[in-house]
Amino acid sequence: MSADRLFALVDGNNFYVSCERVFRPSLCCRPVVVMSNNDGCAISRSEEAKLLGIGMGEPVFKYRALIERHGVELCSANFTLYGDMSTRVNETLRTFAPGIEMYSIDESFVDLSGMADRDLKGYGREMRERVRRWTGIPVCVGIGPTKALAKLGNAVAKKNKLFAGVCDLMDRRFREQVLRLFPVGDVWGVGRAKRRQLTALGIDTAARLAELPLGQARALGTVVLERLVRELNGESCLEMETVPAARKSAAVTRSFGQPVNSFAELMESVAQHVARVGEKLRQQDLVAGEMTVFTHTSSFRGGPQRCGTGARRISPATSDTRLLLQVARRCAEKAYRGGYRYIKSGVIVDDLRPRPAGQPTLFGWGEEGSIVLMKAVDDINRRYGADTVFPASRGTARSWKMRQLRLSPRYTTRIGDVPVVRA
DNA sequence: TCTGGGGTCCTAGGACCC
DNA sequence: TCTGGGGTCCTAGGACCC
């Protein structure tokens, strides 16, 4: 059965940078870096920026001189924009095959099973061109009989210009050649720790990993590594997940723009996160049964280090920001201890489940009123911009607010930000 | 001076039960 | 005094992903 499976992995090149470029063509052919929240690290780099030596995940301040000398453009991450562009890319891919798995914001698997007779390379090229034309985003395509091989093909297509953006690994002989040249650390599912273990055993390429006996693979890396070895050998073990699995947890965590040491400031930031978490839950019609609040100091700075957490059950499970705030305060009190310079706080909700429909609550605020009120808040914030309405406990001074000095407009999701073309 | 955020899966080990 | 064996559930921590 696994023999006739066929997967494509389509992945946006330097996705965040490409999104910015769609709306600012002046960024094309120049070094561009998109920075993480708080303008801390480089999380997406244009080819030109990579050539300058700016590393993935590296703190941007390290490169200040380089950035100035080469006129590198810096952008604060604008996830609202990227999320919307991602939807557009996926809508385009759906015109090629109905089975799409949105694996991450910039990558999707496309189920091409049953199409093995086609000119796959040509089909891949068509995908590339259509996505480019309809959305402005450049992508690469990897094709293979398993997800892991499609992923690997995609990495090859991206690295080696000779492939012109499409790498088809359906042919066994060709595949074996490619695997021999592919570093084991770049295989999907092999992280830093596994790579070290494997290379110590002389397993330094994907081909060597594919030769690893299954029992040894399991001993070394549990069922996960065993499955990966099978996949590299063309045996499909990982199915398409076209319906996104129910979320089990959700989190909102942020670094502060500057360190915080009072409980009042910490609690303000927590209140802000709770408002966002509530929004997330309501968007997906979920309620949460458990909450954890944490805060910690920076391991990059001197001074006493601490990581504080506080967790509580939420009963009854809810998505009402007001109830979540009550629980969050108790959690935060437990997490906080004075005398430290905290640089980050976060709110995590677990034990998520679908909102019970029309179920009367014995104790509590009256389900109906809560739903109507929260919907009103969400509608206002969607229409007039995030944080038009917010919990008072969030405060207004917000000394802890994160830095986002170079934020682009929400070109596609906010009416006032839509670009204007003059002809 | 300045170092992101948000997930999932798996296992080991302890608590508890019969 | 000797102290079985099997099962479930929960949690913490590690590893991985983008």
Side-chain angles (χ1 to χ4, degrees), chain A residues 9-16 33-44 54-65 67 74-80 82-83 86 101-109 147-148 151 154-155 158 184-198 217-228 237-238 241 244-259 269 273 276-277 280 284 290 292 294 296-302 307 309 311 313 341 343-352 402-406:
Chain A
L9 181 82
V10 183
D11 175 307
N13 304 345
N14 321 324
F15 184 66
Y16 299 162
V33 169
V34 172
M35 299 177 289
S36 61
N37 275 331
N38 231 3
D39 293 349
C41 300
I43 55 170
S44 181
I54 299 175
M56 180 64 174
E58 290 289 305
V60 173
F61 72 83
K62 271 196 190 169
Y63 298 102
R64 223 185 35 189
I67 285 167
L74 299 176
C75 308
S76 300
N78 183 345
F79 293 107
T80 313
Y82 312 150
S86 171
E101 174 185 338
M102 289 176 256
Y103 175 67
S104 76
I105 194 164
D106 68 335
E107 287 176 55
S108 293
F109 286 101
K147 281 178 150 185
K151 209 48 193 154
N154 180 281
K158 237 196 269 185
V184 75
D186 293 350
V187 174
W188 185 38
V190 178
R192 262 208 340 259
K194 266 298 150 305
R195 177 178 54 91
R196 256 201 297 271
Q197 279 182 39
L198 289 169
R218 180 182 283 252
L220 213 61
T222 77
V223 292
V224 178
L225 192 64
E226 181 187 336
R227 209 157 46 202
L228 178 56
C237 305
L238 299 166
E241 286 169 31
R247 198 167 280 313
K248 294 174 178 165
S249 71
V252 175
T253 71
R254 291 282 181 282
S255 298
F256 303 131
Q258 53 184 30
S269 75
H273 301 340
R276 275 258 55 220
V277 151
K280 275 193 192 182
Q284 303 179 55
E290 205 176 304
T292 307
F294 73 82
H296 63 72
T297 53
S298 168
S299 52
F300 293 109
R301 304 171 192 236
C307 171
T309 66
R313 297 280 320 161
R341 289 159 60 81
I343 50 100
K344 182 173 185 170
S345 71
V347 173
I348 304 166
V349 283
D350 287 288
D351 190 15
L352 306 191
M402 71 179 179
R403 283 183 306 275
Q404 268 183 319
L405 299 178
R406 295 163 186 277

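Note that the structure is a prediction, hence the values are computed from the model and not measured.
Residue-level contact check: A:Ala250 touches the backbone only, with heavy atoms under 4.0 Å from sugar-phosphate atoms and none from bases. A:Val187 comes within 4.0 angstrom of sugar-phosphate atoms only, judged by non-hydrogen atoms across all strands, and of no base. Nucleic acid contact for A:Tyr103: sugar-phosphate only, since backbone atoms but no base atoms lie under 4.0 Å from a heavy atom of the residue. Counting any heavy atom pair closer than 4.0 Å across all strands shown, A:Val60 reaches no nucleic acid atom. Using a 4.0 Å heavy-atom criterion, one finds that A:Arg403 contacts the sugar-phosphate atoms exclusively. Using a 4.0 Å heavy-atom cutoff across all strands shown, A:Arg196 reaches no nucleic acid atom at all. Contact annotation for A:Asn38: no contact, since no heavy-atom pair falls under 4.0 Å across all strands. Residue-level contact check: A:Glu58 touches neither bases nor backbone, having no heavy atom under 4.0 Å from any strand. Among the protein residues, A:Ser249 comes within range of the sugar-phosphate backbone only, with heavy atoms under 4.0 Å from sugar or phosphate atoms but none that close to a base. When heavy atoms are screened at a 4.0 angstrom cut-off, A:Asp106 is found touching the sugar-phosphate backbone but no base atom. Nucleic acid contact for A:Lys62: none, since no nucleic acid atom lies under 4.0 Å from a heavy atom of the residue.
For DNA chain B, the contact window with chain A, defined by any atom under 4.0 Å from a protein heavy atom, covers B:dT1 to B:dT11 in 5' to 3' order.
Mapping A:Asp39 and A:Arg247 onto DNA chain B by nearest heavy atom places A:Asp39 at the nucleotide closer to the 5' end. The nearest heavy atom of DNA chain B to A:Phe79 and to A:Arg227 marks one nucleotide each, and the one closer to the 5' end goes with A:Phe79.
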Requested in this report: Please report the C-alpha distance between A:Met35 and A:Ile43 in whole Å, then the side-chain angles of each, then the deciding distance to 0.1 Å, and finally whether the side chain to side chain contact (heavy atoms under 4.5 Å, CB included) criterion is met.
Outcome: CA-CA 6 Å; A:Met35 299 177 289; A:Ile43 55 170; 5.9 Å; no

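Here the CG-OH distance, from A:Leu74 to A:Tyr63, works out to 12.5 Å after rounding to the nearest 0.5 Å. Atoms CG and OG, on A:Asp39 and A:Ser255 in that order, are 11.5 Å from each other to the nearest 0.5 Å.
Side-chain atoms of A:His273 and A:Thr253 include no donor-acceptor pair closer than 3.5 Å.
Residues meeting the side-chain contact (heavy atoms from CB on, under 4.5 Å) test with A:Lys194, sequence neighbours left out: A:Val190, A:Gln197, A:Leu225.
A donor-acceptor contact shorter than 3.5 Å links the side chain of A:Ser76 to the backbone of A:Arg406.
The aromatic rings of A:Tyr82 and A:Tyr16 sit parallel, their planes meeting at an angle under 30°, below the 60° perpendicular limit.
Rounded to whole Å, the separation between the C1' atoms of B:dC17 and C:dG4 comes to 14 Å.
Remark: DNA chain C takes part in the stems B:5-18 with C:5-18, each of 3 or more antiparallel Watson-Crick or G-U pairs, criterion distances under 3.5 Å.
Comment: A:Asp11 does not engage A:Lys151 in a salt bridge, judged by the lack of any side-chain N to carboxylate O separation of less than 4.0 angstrom.
Heavy-atom neighbours of A:Arg313 CZ from other residues, nucleotides or ligands within 6.0 Å: above the threshold of 12.
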